[in-house]
Amino acid sequence: MNTQLAPAEGRHDHPPQPVRSPEAHPLRRVGLVDRAAMHLGVALIHWGRRPVRARRRERPTLAPESIQARRELDRVRDEYLVLKLTQFR
């Protein structure tokens, strides 16, 4: 069904809006301080959203003592796990 009806002439569901003349509202000029504040705000937003670049640096080398301590910790943990696992057999 493609029937389209034309709207009824002279019928409005809302009251007519008054037409305002340009002289009724004087234009507000944008001052130098307002313009500078706007540019500063836009610059701060732009600066705050800048992409962060990760610094590429070498991984810190561990001291030989800490490497030896890590190996000893792993060895003791493995021995403990072996002892605990054999208890359940």
Side-chain angles (χ1 to χ4, degrees):
M1 184 173 209
N2 293 332
T3 305
Q4 295 181 356
L5 300 175
E9 292 288 329
R11 180 171 178 224
H12 299 287
D13 292 336
H14 58 82
Q17 301 296 320
V19 178
R20 297 184 181 198
S21 65
E23 295 84 22
H25 292 286
L27 295 176
R28 180 175 177 259
R29 303 293 293 183
V30 178
L32 184 63
V33 175
D34 292 331
R35 189 171 297 198
M38 183 195 64
H39 283 289
L40 177 64
V42 170
L44 286 174
I45 291 171
H46 183 67
W47 181 77
R49 292 183 179 179
R50 70 189 188 284
V52 178
R53 294 183 184 172
R55 295 180 183 170
R56 301 210 69 172
R57 56 182 166 177
E58 296 180 19
R59 294 179 63 181
T61 56
L62 298 176
E65 297 86 17
S66 63
I67 293 173
Q68 185 62 28
R70 174 67 72 181
R71 287 182 183 155
E72 181 67 20
L73 181 70
D74 290 341
R75 186 185 64 75
V76 171
R77 186 186 66 230
D78 290 341
E79 286 179 4
Y80 175 77
L81 288 175
V82 167
L83 289 175
K84 284 295 182 184
L85 288 176
T86 56
Q87 289 179 356
F88 296 114
R89 285 187 170 185

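- Looking at residues two or more places apart in sequence or on another chain, you find a side chain to side chain contact (heavy atoms under 4.5 Å, CB included) between Ala63 and Glu65, Ser66.
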Side chains of residues 30-39: which donor-acceptor partners sit under 3.5 Å, not counting sequence neighbours?
none

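- In this view, Glu79 and Arg75 satisfy the salt bridge (charged side-chain N to carboxylate O under 4.0 Å, His left out) rule, not counting sequence neighbours.
- Scanning for side-chain hydrogen bond (donor to acceptor under 3.5 Å, both in side chains) contacts around Asp74 gives Arg77, with sequence neighbours left out.
- Hydrophobic cluster of Leu40: the remaining members, joined at side-chain heavy-atom separations below 4.5 Å, are Leu44, listed by chain and number.
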